[in-house]
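Worksheet: one structure, shown below.
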Amino acid sequence: MRYLIPLVLFVVIMGFLWKGLQKDPHQLPSALLDKPVPEFNYPSLLHTGQTVTEKQFSGHVSLLNVWATWCITCHAEHSVLMDIANSKAVIIYGLNYKDDPIAAKQWLEKYGNPYQEVISDNKGTLAIDFGVYGSPETFIIDRHGIIRYKYIGAVSPNVWRDKLLPEVKKWGAMP
């Protein structure tokens, strides 16, 4: 009996570990799925003196990409976002997360701008409202302003083709 208790505890712990390792880290749950984009009014990174609101997402399917100049993974995905923007398959908005606005503008000038508009969130408070864990993260928002999908990690050509594009097509077909 003395040896049975540690063995049972070991088996239970190993079971939890095994189950956790089977989960896809890109599929963390989001409390905002199938809910409207949170109301907000934040400065535009691209247009000094203008603000961006949740109304930007009405009338079309869009991607909201959370990025920052300090994010190495964001650098890796940037060329893919440029390709998506050039394909005109979907409108892409950016949420510049905990970043220096001057550095962010310079970065977009240097590497290209795939975004229709960029929300400046240098304190990270809007990102918290979206349930962001870090950057990069990408949301699909339907034409009614409802968050339909969340992807955590870099958007690669395979992620675009196999995960995001099917979701964009699915929600783009809504009346």
Side-chain angles (χ1 to χ4, degrees), residues 28 30-71 73-75 77-155 159-160 163-175:
L28 290 173
S30 174
L32 292 180
L33 286 182
D34 299 324
K35 293 192 170 56
V37 169
E39 289 184 20
F40 67 89
N41 188 343
Y42 276 74
S44 166
L45 180 73
L46 305 176
H47 306 100
T48 305
Q50 293 183 15
T51 59
V52 184
T53 71
E54 73 283 353
K55 292 177 179 76
Q56 292 284 145
F57 300 106
S58 293
H60 54 269
V61 176
S62 54
L63 294 184
L64 175 64
N65 178 254
V66 180
W67 67 282
T69 59
W70 49 261
C71 166
T73 310
C74 297
H75 285 263
E77 78 173 0
H78 192 75
S79 63
V80 177
L81 294 174
M82 290 296 296
D83 290 343
I84 294 168
N86 290 333
S87 76
K88 301 195 186 309
V90 67
I91 295 172
I92 306 173
Y93 294 96
L95 176 60
N96 186 237
Y97 176 62
K98 291 186 177 181
D99 209 351
D100 173 35
I102 294 169
K105 286 180 186 178
Q106 291 172 344
W107 196 78
L108 291 173
E109 288 171 10
K110 182 176 181 179
Y111 297 108
N113 181 5
Y115 307 110
Q116 175 87 19
E117 182 59 86
V118 179
I119 305 159
S120 183
D121 184 21
N122 45 353
K123 292 183 181 175
T125 51
L126 182 58
I128 289 170
D129 291 344
F130 271 90
V132 169
Y133 292 93
S135 60
E137 290 188 19
T138 304
F139 296 85
I140 295 177
I141 302 168
D142 76 11
R143 66 182 68 215
H144 304 291
I146 307 295
I147 299 169
R148 297 299 184 175
Y149 189 82
K150 178 180 180 179
Y151 183 79
I152 298 172
V155 176
V159 166
W160 169 245
K163 295 185 179 190
L164 297 177
L165 183 58
E167 289 292 325
V168 166
K169 289 179 178 178
K170 175 180 172 182
W171 297 109
M174 289 179 59

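Between the CG atom in L95 and the OH atom in Y115 there is a gap of 9.5 Å [rounded to 0.5 Å]. In this structure, D142 CG and K170 NZ are separated by 11.0 Å, a value rounded to the nearest 0.5 Å. Atom CD1 of I152 sits about 11.5 Å away from atom OG of S135, to the nearest 0.5 Å. Here the CG atom belonging to N122 is positioned 11.0 Å from the NZ atom belonging to K98, to the nearest 0.5 angstrom.
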Check your understanding: Do Y151 and W160 pass the side-chain contact (heavy atoms from CB on, under 4.5 Å) test, and can you show the C-alpha distance, the side-chain angles, and the key distance before you say yes or no?
Key -> CA-CA 10 Å; Y151 183 79; W160 169 245; over 6 Å; no
Check your understanding: Can D100 and T69 be said to form a side-chain contact (heavy atoms from CB on, under 4.5 Å), step by step?
Key -> CA-CA 8 Å; D100 173 35; T69 59; 6.0 Å; no
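Residues satisfying the salt bridge (charged side-chain N to carboxylate O under 4.0 Å, His left out) test with D34, not counting sequence neighbours, are R148. Among residues two or more places apart in sequence or in another chain, the side chain to side chain contact (heavy atoms under 4.5 Å, CB included) test is passed with A85 by I92, P114. Taking the ring-ring contact (aromatic ring centres under 6.0 Å, His included) definition, one finds that Y42 meets it with nothing, sequence neighbours left out. Qualifying side-chain hydrogen bond (donor to acceptor under 3.5 Å, both in side chains) partners for S120, counting only residues two or more places apart in sequence or in other chains: none.
Sorted by first and then second residue, the side-chain hydrogen bond (donor to acceptor under 3.5 Å, both in side chains) pairs involving residues 50-60 (not counting sequence neighbours) are N41-T51, H60-Y93. Residue pairs meeting the side-chain hydrogen bond (donor to acceptor under 3.5 Å, both in side chains) criterion with at least one partner in residues 105-114, sequence neighbours excluded, are H75-W107.
Results of the ring-ring contact (aromatic ring centres under 6.0 Å, His included) test with F139 over F130, Y149, F57, W171 single out F130 as the only residue that passes.
Scanning all heavy atoms of the two residues, the minimum distance from S62 to V90 falls at CA-CG2, 3.7 Å.
Side-chain atoms of N96 and D99 include a donor-acceptor pair closer than 3.5 Å.
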